[in-house]
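As a basis for the values below, the full set of heavy atoms in this structure was taken, side chains included, without hydrogen atoms, waters or symmetry mates.
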Amino acid sequence: MTAKETKQDQRILTYGQAINEALDQEMARDQSVFVMGEDIAIYGGAYSVTKGLWEKYGDERIRDTGISEGAIVGAGIGAAMTGMRPVVEIMYVDFMTLVMDQLCNQAAKLRYMFGGKIKVPLTIRTEGGAGRTLGAHHSQSLESWFMHIPGIKVVMPATPYDAKGLLLSSIRDDNTVVYIEHKMLYNTKGPVPEGEYTIPIGKAEVKRPGKDVSVFTYSRQLLFCQEAAEELANEGIDVEIVDLRTLLPLDVETIVESVRKTNRAVIVEEDTITGGSGAEIGMRIVEEAFDYLDAPVKRVAGADVPMPKSAALESLAIPSKQSIIKGIREVLQ
Amino acid sequence: MTAKETKQDQRILTYGQAINEALDQEMARDQSVFVMGEDIAIYGGAYSVTKGLWEKYGDERIRDTGISEGAIVGAGIGAAMTGMRPVVEIMYVDFMTLVMDQLCNQAAKLRYMFGGKIKVPLTIRTEGGAGRTLGAHHSQSLESWFMHIPGIKVVMPATPYDAKGLLLSSIRDDNTVVYIEHKMLYNTKGPVPEGEYTIPIGKAEVKRPGKDVSVFTYSRQLLFCQEAAEELANEGIDVEIVDLRTLLPLDVETIVESVRKTNRAVIVEEDTITGGSGAEIGMRIVEEAFDYLDAPVKRVAGADVPMPKSAALESLAIPSKQSIIKGIREVLQ
Amino acid sequence: MTKSSNKTKTSAAKPVNKRSECSKEQARHYLRQMMHIRKFEDKMMDLMSKNIAQGGSHLYAGEEAVAVGAIAAIRPDDYIASTHRGHGHCVAKGGKLNELMAEILGKATGCCGGKGGSLHLADVSTGNLGANGVVAGGLGIATGAALSIKMRKDDKVVICFFGDGAMNEGIVHECMNMASKWELPIIFLVENNLYGMSVAIARSSRLEDHTKRAVAYDMPSSSVDGQDVLAVRDAVATCAQRARDGRGPSMLVANTYRYYGHSRSDPRAYRTREEEAYWHDRDPIKLFSAQCIETGILSENEVKAVDDSTTEDIEQATQFAVDSPMPEASELYTDVYA
Amino acid sequence: MTKSSNKTKTSAAKPVNKRSECSKEQARHYLRQMMHIRKFEDKMMDLMSKNIAQGGSHLYAGEEAVAVGAIAAIRPDDYIASTHRGHGHCVAKGGKLNELMAEILGKATGCCGGKGGSLHLADVSTGNLGANGVVAGGLGIATGAALSIKMRKDDKVVICFFGDGAMNEGIVHECMNMASKWELPIIFLVENNLYGMSVAIARSSRLEDHTKRAVAYDMPSSSVDGQDVLAVRDAVATCAQRARDGRGPSMLVANTYRYYGHSRSDPRAYRTREEEAYWHDRDPIKLFSAQCIETGILSENEVKAVDDSTTEDIEQATQFAVDSPMPEASELYTDVYA
Ligand SMILES: Cc1ncc(C[n+]2csc(CCOP(=O)(O)OP(=O)(O)O)c2C)c(N)n1
Ligand SMILES: Cc1ncc(C[n+]2csc(CCOP(=O)(O)OP(=O)(O)O)c2C)c(N)n1
Ligand SMILES: [Mg+2]
Ligand SMILES: [Mg+2]
């Protein structure tokens, strides 16, 4: 089934349901797949993503753990090295801080250190981003840390369709994949084919073709970018939106192709700006398409602050339709 | 004492001795300063940096801990919140992976979360970089992770002089500072004044003025850049070298000033390239000095691989005089 | 898995210890604090369901005797480190209701200027080293504060609150080892409400009795009925004395129960309604009120007076919080650095 | 601080257990492996001092009976997870001397193609899940391998080696709790050589007897004389049987000693020369050789033959390693991804 065909299938699911379905289908298909994490069994996950799986697959394959993030990822690695395909859940990306040794020193490096003799087909599902006024420990976007770890892959889907296809690809990938969901996307809806389908890791998608300016984004910010593009379309500004979908490896080819066409680039990320993903994306554009740029690459990103609780401040700390429009206008001047 | 005056003082110390002296002087001056970490007492530290301090200050202020990195930094935070100025040591920057929650979620955010009512004057000394063929767990450069944490500062001195002055500033700073030494610098020598002096955190220094191209670097790579500049000088290429010294906050002013003068920028970092510090530095240049650039900003950086053990591969995985020269030539074309 | 029926397993759910003593003033104080907390949390639930309070809030209702009893046993200048379920600790440590309520609503008048919220609620000027959104995130902070006290030859102590679920985090192990080795003045107070979110203790650990974990650190430990405010106070007082005397840390497990679900939408499928009823029967406020009246420390009218005034206090605090302004946009970038 | 004199405190340093039995073939095998390890390490020290071997190397000399005894008790298809002090584990698990030596020298012919080195030495094809440059870095891997075994209804076991110093890492706590709760087939084998780098156990923990830590996980634990290869073998065999029978994990503390300093330049100021002499007296190879001769399992000549052949083997391996080429530059970017 090609992506094109599947998109004609008009069954509508939420982002959360799409992920749930991917897990379910892959567990049914492959006995080596199992899920492990905190409150994923009877509770069904903090954002209900694993709902119903425990009832179907039981304690053996849907494993509630203690609150021990290091052991969750560590055991995932060991199981992955010895024949299983674990999908582990870290409840908030903020708690990935507790597993950076397991992720960066172990999962990412074991294959290389052992001369290619093992593989670590582990998927780490986690969830990030702001929008629910949960404050500084439950609202971060840390993807740029993960982008900086050679040996793993980083996937951040924005739509239900991509969420399912990319999760299936992640689980089937022979490498460790950090798959980051966004808390504000779980209830968003879109068409999702019933059958299995995969989306290649490392392929961006032009979600909206345009000729005046290229906007590169991923995860929830795609929605804000789409709103901004709609508004600008009324003024005759034709925005191209590229959903990166995968941050590592980055689809530099698609990025460069778009910049060569529009000659202007805006990167929109929720991550705090300094050292964020946008820095890397921007530098790739500078390195590969400098001569095509009619304006400096522009970053619209999170403010360099811990996420404030107050709704009044939280909304200012991340990009919005307005700040994206402002950023786009800037590169068009 | 100004930096200029102190530089006339020609007492020569190694980088390691300079750090040791800073610790010693600050402990003598301020009773709230103490040092805590693994093997720092009778052993004097894995790289002998704390040698002699335990004999002088005893178990109470030079505290050997168990192998518990989380508790070392965690307890440092708690002590810093309640009136002390701890200097904790994490033996290798590779093990900072074990303290990312303490660093990013606690040290960096507590002040903000509590509305500015507390401060965390903690210094975390650690040591990174390749060059001793120690393999993937003892050779990393993870500074770009730390740069991405609003609320902390990141200092990476390259010379004995800077090492002492910046460590004194770090300890006296009311914020958490990650102070990263380089294992290949400990035995390098340079002039270090005997008295106390501080170097402002957040100020880069032009270590070599030049007019043809700006090279931005820090830590050990400064030495390679200096060698490269010498060699290119023979060909009449005049390289300006800016030692960033502090990565967070970044001295954008000095960077931009240099680019405006030379119109060409090369960033040299040991860090693996994707998502490395060079991405942020490069994007700042693009954002603030795009119109002055005669060529794309060039990054000369570490290869996107775990550090290989073999000396034959390790030297290829990081920048060298040759690769820096090549990078400089590229932007001059 | 079967839903665990923890009521039978919890050895510490004993009747209120009649021998514990307290003065009339103390009794009124404990009762007032417990009622403040309960009403604060009930109000919070109400504000959440009306969407006036946004974001997560982990409510302390049911566990009041632990915070109130524990903090009654230490001095105002002693420290506590709190948790994600921290409202009760804040109130007991002397936080102002107005500012706490405003903080949870993200208002400029909140004790953290609206930047912290429920998960980071703390008036640090009261010696509260903060709630923490990271489970077991307070352990390092508390251990370091205790180290600081010891190094400065002060005689303060630290109470480090954390949950039964937090017990499985690695940092707990590291900090207990460090505190024990260095004989730090700290009390590791486990608020054992039988579940870490949805996971019953027996589902995440083979050993259900957390007091035995202290063996690994050669640290004394005991458990206490967490529904009995005086029992908690006295148990903590013993630990605190030990700490002040320079004899090091101890662990205390307070057995208790949270009334509300973990989050607003939690159907509490992991526990039985019988278990809940059992614990509601042992409500700490009911028990203590009855005890006060029975022993004559407070009259029924006096209890009623506390009840009425605390209701009033919460109403006022709510009004204050609701009426308070949001922080100015300029506040976004303040307080990042000192 | 006074230098600790650990010899008196170590209860497990008993005389070799005379009741343990082994066949002639086994005896020769154990002796050969222990001698291989010893000579491998002595050679390594030599190569380091000549700067032929670069980078760090944590040598296993003195601890041979632990790796050899432990691995003798399990099957070739069982797993081990090793440590930063991993050469001995690799040899005992069946790694090829040539390839191990070449790996430490960073050669293309090394078991990891020269990419791993001493700190990551492992021939994973022998069931060795790897040395680890991170102290306690193998705990998660080992626990996960045991989970994998259990889920696949296999009857393998995992030996997870780690040091006394590693015991204070948080991940140890998390993994032991998990392994115990899920009754995983794993043996937590603590190589207690009295120090974590320079820090004596008593300097980093109040509790010096690590076996008591197992109480926190409701897991059986015991200690064994780590200088007695047969005692180690038998103790591990008991744990392994338990694991294979589905009765879960156990902890075994093997008391032993490392001969060399932590690093090349370590003056070993943290321990006394008397303590060192005491342990050299209880050299595992000496003890076992004497026992074999005394009980008549091997003749003096047979022991000598093993001695000679192992010397020869190490010389050959060294030659192989020294003569081997460095990896090609093109290898830099291979093996990052599967
Ligand atoms: C490190 C971390 N992991 C997971 C969570 C999500 N979480 C919040 S509260 C909680 C349960 C905590 O249980 P316990 O320590 O018993 O405290 P209780 O909520 O019962 O008071 C979990 C898993 C978190 N906040 N931090
Ligand atoms: C996480 C981490 N912290 C610190 C180190 C540095 N280090 C290497 S070996 C060692 C001592 C380990 O002691 P132990 O576990 O007893 O093993 P031993 O060396 O005695 O065999 C230390 C501190 C490390 N490699 N990893
Ligand atoms: Mg609980
Ligand atoms: Mg040891």
Of B/Thr262, B/Val256, B/Asn263, the residue whose pairing with B/Arg260 passes side-chain contact (heavy atoms from CB on, under 4.5 Å):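 Running side-chain contact (heavy atoms from CB on, under 4.5 Å) over B/Thr262, B/Val256, B/Asn263 with B/Arg260 returns exactly one hit, B/Val256.
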
Below 4.5 Å, heavy-atom pairs only: which of [options] has the largest tally toward chain A?
options	answer
B/Met307, B/Gln106, B/Lys298	B/Gln106
B/Met113, B/Glu287, B/Lys109, B/Arg284	B/Lys109
B/Arg299, B/Met100, B/His148, B/Met283	B/His148

Would you say the side chain of [Y] lies within less than 4.5 Å of the side chain of [X], judging by non-hydrogen atoms?
X	Y	answer
A/Glu89	A/Thr126	no
B/Ile255	B/Leu244	yes
B/Ile324	B/Gln221	yes

Considering non-hydrogen atoms only, spot the tightest contact between B/Val259 and B/Ser214 and give its length.
->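 That closest heavy-atom pairing would be N-OG, 3.9 Å.
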
Portion of [X] that has a non-hydrogen atom of chain A nearer than 4.5 angstrom:
X	answer
B/Gln140	side chain
B/Ala289	neither
B/Arg111	neither

Can you tell which part of [X] gets under 4.5 Å to a heavy atom of chain B, answering side chain, backbone, both or neither?
X	result
A/Glu288	neither
A/Leu293	both
A/Ile149	side chain

Sidechain N-carboxylate O distance under 4.0 Å for A/Asp212, A/Arg264 =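 No, this pair does not count.
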
> Which residue pairs pass the side-chain hydrogen bond (donor to acceptor under 3.5 Å, both in side chains) test when at least one of the two sits in residues 301-315 of chain A, sequence neighbours left out?
Replying inline: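 Residue pairs with at least one partner in residues 301-315 of chain A: A/Thr133-A/Lys309, A/Thr274-A/Asp304.
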
Margin query: Is a donor from one side chain sitting under 3.5 angstrom from an acceptor on the other, for B/Tyr218 and B/Ser277?
Written below: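 The criterion, which ignores hydrogens and geometry beyond distance, is satisfied for B/Ser277 and B/Tyr218.
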
With a 4.5 Å cut-off on heavy-atom pairs, point out which of [options] contacts chain B the most.
options	result
A/Leu250, A/Asp271, A/Ile281	A/Asp271
A/Gly135, A/Pro308, A/Ala108	A/Pro308
A/Phe95, A/Phe146, A/Tyr112	A/Tyr112

